[in-house]
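Input: a single structure, listed below in structure tokens.
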Amino acid sequence: MPVQWDETADVVVVGSGGAALTAAYTAAANGARTLVLEKTEYFGGTSAYSGSGLWLPGNHVLRRAGVEDSVARGLEYLRAVAGDRTPAALQEAYVSTAPELVEFLDPALEFEFLSFPDYFAAPGRAPGGRGICPKPLPAAELGARLAQLRPPISMDQYGVPQDRETLTGGQALIGRLLLALDRTGNATLRTGTRMRSLVVEDGRVTGLEAEHEGRTLFVRAERGVIVAAGGFERNAELRRELQGLPGADWSSAAPGSNTGDALAALRAVGAAVDLTDESWWCPAVLFPNGHAAFTLGLRGGVFVNAVGERFANESLPYDQMGHEIRAGHATGVSHLPVWWIFDARFTGTPGMTQPAPDPEAFRAAGLWRTADTVAGLAERIGVPADVLGKTVSRFNGFAASGVDADFHRGEDLYDRFFAAGDGPNPALVPIERAPFHAVQVVLGDLGTKGGARIGVDGEVLGEDGAAIPGLYAIGNSAASVAGHVYPGPGVPLGSGMVFGYRAANRLRAGGR
């Protein structure tokens, strides 16, 4: 029986993060009637929580800031770190399109340079970084849209008030994209609308079935559906099945979002999937409400496992540290949780966590423990006192010499980017001033990175490698071009936005 369509658009975009809204804006600016469907009550997804850094090599904003970079160098670096885990053509499409995307978006997003080093010591690395981000946005310019913009994570998940008079980071990114979409006059944006499934007719995806305010809607897409609804990080069953994690509470994503609707819908129409075992990992401080907050910018302390031993360079880029926690846990020595050990020189945790932990609330929840001696701290956290004592003593020796003989902390430029010590190696700060503290750290993430396999324009590939007509996937709904690694700040957003741009332009050109 033919589908009875309730409404029709040229392009339907599922999701409203940075990748989704870039695809929608590209389509709408090209003259396409564009419909954006967002499941939750807010636009922005996890992108609204982000710092909005975008890894887009060789663009004019970098040149304007006096940063020497090129597409060739960016591609050399991406290939060096991602290797052949993802198709070379996909890697090339990402990097080669970056300057064009920035030219297209810059009038609306008003980019500026963001200094933050690439994460690997590999050929083509940009030591000072090659990231860009949108300029701050006065919130008043958003008007009624401000109430539809997902609040910063500290407000949204932890109830901490925050001044929103001027929007920065991901708030500015999503806010500027919403304004740009409204200016096209070709876009309709709807919250509270959940995709149930994709509709296939004669081998082509022609639209989708959705739910809005308890009512079923069938939405036709004349040109194509672009799925940009995030991953499955808030789906506890899938996290256990595909990633071996105990649940879904430690992700940065908002509860109720990114529950795997996209993955289920894509699989149901025959999409090939990849990288479902991977996430954009990070160490995360566990909060009393059960959520875990992304932590970076380590300035001091060490991480120890269940036997009181260090297991990695604590100053590693966050995704690499996440992989170390995951790999270590698999040895049989528990790395969940990790204990972050530091001394009295730090009044809070020696790293950036949003929001900042409240020591008293954390102590009441058993997540922050303190003792006058290292041996006493070991007893408080349940690790052998002699082992933790040796761990701290050995680390203090490294701090005195400036050389971490075990894990080489402080040798890479990223290690020193946040370092604040005054010894021979600023990344090595001794742990020697009582009282001593331990804060619980778990394996968090900024989202899963497994999804549909895609071609160079975001077209979804079936198990036979052929494109499924009318269907595109971008952002965390697609298997990441980065494979098992996190190459540099802004790769998740930057790559998602590039493939959103490419998908929308393919639809404009008549691609199906």
Side-chain contact test, heavy atoms from C-beta onward, threshold under 4.5 Å: evaluate it for [X] versus [Y] and give yes or no.
X      : Y      : answer
Arg453 : Val273 : no
Cys282 : Leu446 : yes
Leu286 : Val441 : no
Ile174 : Arg150 : no
Glu103 : Glu100 : no
Arg63  : Phe113 : no

Between [X] and [Y], is any side-chain donor less than 3.5 angstrom from a side-chain acceptor?
X      : Y      : answer
Trp339 : Asn305 : no
Arg502 : Thr97  : yes
Thr353 : Thr295 : yes

Rounded distance [0.5 Å steps], CD in Glu141 versus CZ in Arg176: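 Rounded to the nearest 0.5 Å, the CD-CZ separation comes out at 7.0 Å.
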Positive for side chain to side chain donor-acceptor pair (under 3.5 Å) with His484, one of Lys449, Glu278, His323: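 Going through Lys449, Glu278, His323 one by one, the side chain to side chain donor-acceptor pair (under 3.5 Å) with His484 is satisfied by Glu278 alone.
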Identified ring-ring contact (aromatic ring centres under 6.0 Å, His included) counterpart of Tyr318 within the set Trp280, Tyr119, Trp281: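 Exactly one option meets the ring-ring contact (aromatic ring centres under 6.0 Å, His included) with Tyr318, and it is Tyr119.
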Kindly assign one of parallel, tilted or perpendicular to the pair [X] and [Y], based on the angle between their ring planes and the thresholds 30° and 60°.
X      : Y      : answer
Phe342 : Trp368 : perpendicular
Phe287 : Tyr158 : tilted
Trp55  : Tyr77  : tilted
Phe116 : Tyr414 : tilted

is_close_aromatic(Phe104, Tyr25), centroid dist under 6.0 Å: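 Between Tyr25 and Phe104, which both carry aromatic rings, the centre distance is below 6.0 Å.
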Residue that, paired with Arg239, satisfies salt bridge (charged side-chain N to carboxylate O under 4.0 Å, His left out) out of Asp445, Asp277, Asp249: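 Single salt bridge (charged side-chain N to carboxylate O under 4.0 Å, His left out) partner of Arg239 among Asp445, Asp277, Asp249: Asp445.
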